[in-house]
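Remember, predicted model here, so these are calculated numbers, not experimental data. In listed order, ligands and their atoms are each counted from 1.
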Amino acid sequence: MTINIILAGPRGRMGQEAVNMVNQESDFKLVACIDRKNGGKEVKDIAGLPPLHVPVYENAKECFEAVKADVFIDLTVPEVGYYHTKLALENNIRPVVGTTGFTDEQLNELAELAKSSNLGCIIAPNFAVGAVLMMKFSQMAAKYFSDVEIIEKHHDRKLDAPSGTAKKTAELIRQSREYKKQGHPDEEETIRGARGAEMDGMHIHSVRLPGLVAHQEVIFGSPGQTLSIKHDSLNRESFMDGIKLSVNHVMDMKELAYGLENIL
Ligand SMILES: NC(=O)C1=CN([C@@H]2O[C@H](COP(=O)(O)OP(=O)(O)OC[C@H]3O[C@@H](n4cnc5c(N)ncnc54)[C@H](O)[C@@H]3O)[C@@H](O)[C@H]2O)C=CC1
Ligand SMILES: O=C(O)C1=N[C@H](C(=O)O)C[C@H](O)C1
């Protein structure tokens with residue numbers, strides 16, 4: 001069976017990689033792209049994309065109404081990604097979303113909409129299988145270590161901080177860690193932000209540097225020992241297997257899953 005796909009964000013770092021992946025998969029067919037420029041053109045007219053006679057729309061509503069598709073892939077920015085995802089569900093198209101930075105309220109609203117529409121929807125802060133394992137291993141370790149710091153490192157073009165992966169890691173850790181307000185009770189920041197962001201008494205630190213792609217280390221400590229769990233995405237190909245898997249899987253789902261671990 002061929003899965004017809006609409007993709008938003010085709011000129012982005014992830015979008016370009018995903019257009020090429022979809023184009024190379026024999027069971028996937030790119031049927032339209034949503035881009036904030038290039039409306040009325042075809043994918044072949046956009047530099048860096050394959051020579052495909054596939055229409056490009058600037059208006060997502062117009063695209064979803066005009067083009068018949070099974071799955072919608074979003075790789076854009078948070079507000080736009082949320083709007084696209086909602087619109088896709090309203091048009092009976094199953095979203096696979098890599099865009100990070102959605103609020104809890106937005107995630108809850110999309111989950112309700114997917115359920116009431118009986119449609120699959122996958123929103124995954126990280127599509128790299130190794131990163132999912134890093135998160136799950138951290139969740140396991142948190143049962144035995146209540147002191148933990150998360151250090152995420154990304155390229156300096158990234159808009160959201162902390163990363164979606166770091167937030168998801170903290171949520172998974174929270175499920176198995178006994179609550180603890182970490183650090184010295186009297187500790188003080190002499191420069192604001194020195195201790196990073198705080199969630200549930202644990203700390204998250206965000207590094208942004210040119211040259212990096214996507215990296216995270218979760219460090220646990222207890223008297224006399226530390227445990228480090230680390231993952232590196234060295235390029236964006238690392239995310240493509242997770243997107244492929246999600247596109248196939250979402251076809252058989254009837255509700256929203258938040259995180260690739262739910263379908264592995
Ligand atoms: N889930 C995962 O495994 C991964 C998720 N990401 C996330 O994917 C998203 C995209 O990342 P990158 O490709 O690195 O970013 P990018 O900046 O290279 O691409 C963003 C895309 O969004 C489009 N865009 C920006 N503003 C827009 C607007 N107002 N309307 C319509 N389109 C708009 C841009 O034209 C571009 O195509 C980010 O949220 C990032 O955190 C990135 C890597 C892996
Ligand atoms: O913007 C990125 O690059 C990435 N974003 C995702 C996140 O916020 O966790 C996934 C990965 O870390 C790359």
Side-chain angles (χ1 to χ4, degrees), residues 6-21 33-39 43 46-49 56-63 72-85 87 95-103 106-107 122-135 150-172 197 204 206-218 230-247 257-264:
I6 295 174
L7 184 144
R11 283 180 299 119
R13 286 173 289 266
M14 280 293 282
Q16 282 199 26
E17 190 82 36
V19 166
N20 285 310
M21 178 277 285
C33 279
I34 300 170
D35 187 8
R36 63 176 160 161
K37 286 190 199 157
N38 300 307
V43 165
I46 304 179
L49 297 183
V56 177
Y57 290 80
E58 280 175 29
N59 185 311
K61 190 165 186 291
E62 197 187 314
C63 176
F72 163 65
I73 301 178
D74 193 274
L75 298 162
T76 62
V77 290
E79 268 314 312
V80 176
Y82 161 71
Y83 167 71
H84 285 165
T85 306
L87 211 57
V96 168
V97 180
T99 307
T100 50
F102 290 5
T103 64
Q106 288 173 334
L107 288 171
I122 297 175
I123 301 180
N126 203 313
F127 283 115
V129 173
V132 177
L133 291 174
M134 173 260 297
M135 291 187 251
I150 300 171
I151 303 167
E152 58 98 336
K153 303 181 202 169
H154 282 84
H155 57 91
D156 65 347
R157 303 291 85 201
K158 184 160 179 61
L159 295 177
D160 53 322
S163 70
T165 308
K167 282 169 77 179
K168 176 81 187 177
T169 308
E171 277 162 30
L172 291 172
I204 305 175
S206 297
V207 177
R208 296 290 176 264
L209 285 172
L212 293 173
V213 179
H215 318 262
Q216 182 167 294
E217 184 169 9
V218 184
K230 187 168 179 284
H231 176 262
D232 297 279
S233 268
L234 305 175
N235 59 41
R236 292 177 179 82
E237 202 184 340
S238 61
F239 305 113
M240 294 304 125
D241 279 352
I243 298 185
K244 250 186 258 179
L245 184 74
S246 301
V247 168
Y258 178 57
L260 193 68
E261 68 278 12
N262 294 298
I263 63 161
L264 281 180

Backbone of Asp74 reached by a side-chain donor or acceptor of Thr99 within 3.5 Å: yes
Residues lining ligand 2 [heavy-atom distance under 4.0 Å, listed by chain and residue number]: Thr100, Pro125, Asn126, His154, His155, Lys158, Asp160, Ser163, Gly164, Thr165, Ala214, Phe239
Between CD1 on residue Ile6 and OH on residue Tyr57, distance to nearest 0.5 Å: 8.0 Å
Test side chain to side chain contact (heavy atoms under 4.5 Å, CB included) applied to Ser246 and Val96, Asp241, Val97, Ile73, the passing residue: Val96
Pairing residues for Phe239 by the ring pair (Phe, Tyr, Trp, His ring centres under 6.0 Å) criterion, not counting sequence neighbours: none
Every residue of the protein that comes under 4.0 Å of ligand 1, judged on heavy atoms: Gly9, Arg11, Gly12, Arg13, Met14, Arg36, Leu75, Thr76, Val77, Val80, Gly98, Thr99, Thr100, Ala124, Pro125, Asn126, Phe127, Lys158, Asp160, Phe239
Donor-acceptor pair, side chain of Glu152 and main chain of Ser163, under 3.5 angstrom: yes
Ring pair (Phe, Tyr, Trp, His ring centres under 6.0 Å) involving His84 - partner list, sequence neighbours excluded: Phe72
Thr165, Asp232, Thr169 screened by side-chain hydrogen bond (donor to acceptor under 3.5 Å, both in side chains) with Gln216, the one that passes: Thr169
Neighbour count >12 (heavy atoms, 6.0 Å) for atom NZ, Lys153: no
Any donor-acceptor N/O pair, Gln16 side chain to Leu49 backbone, under 3.5 Å: no
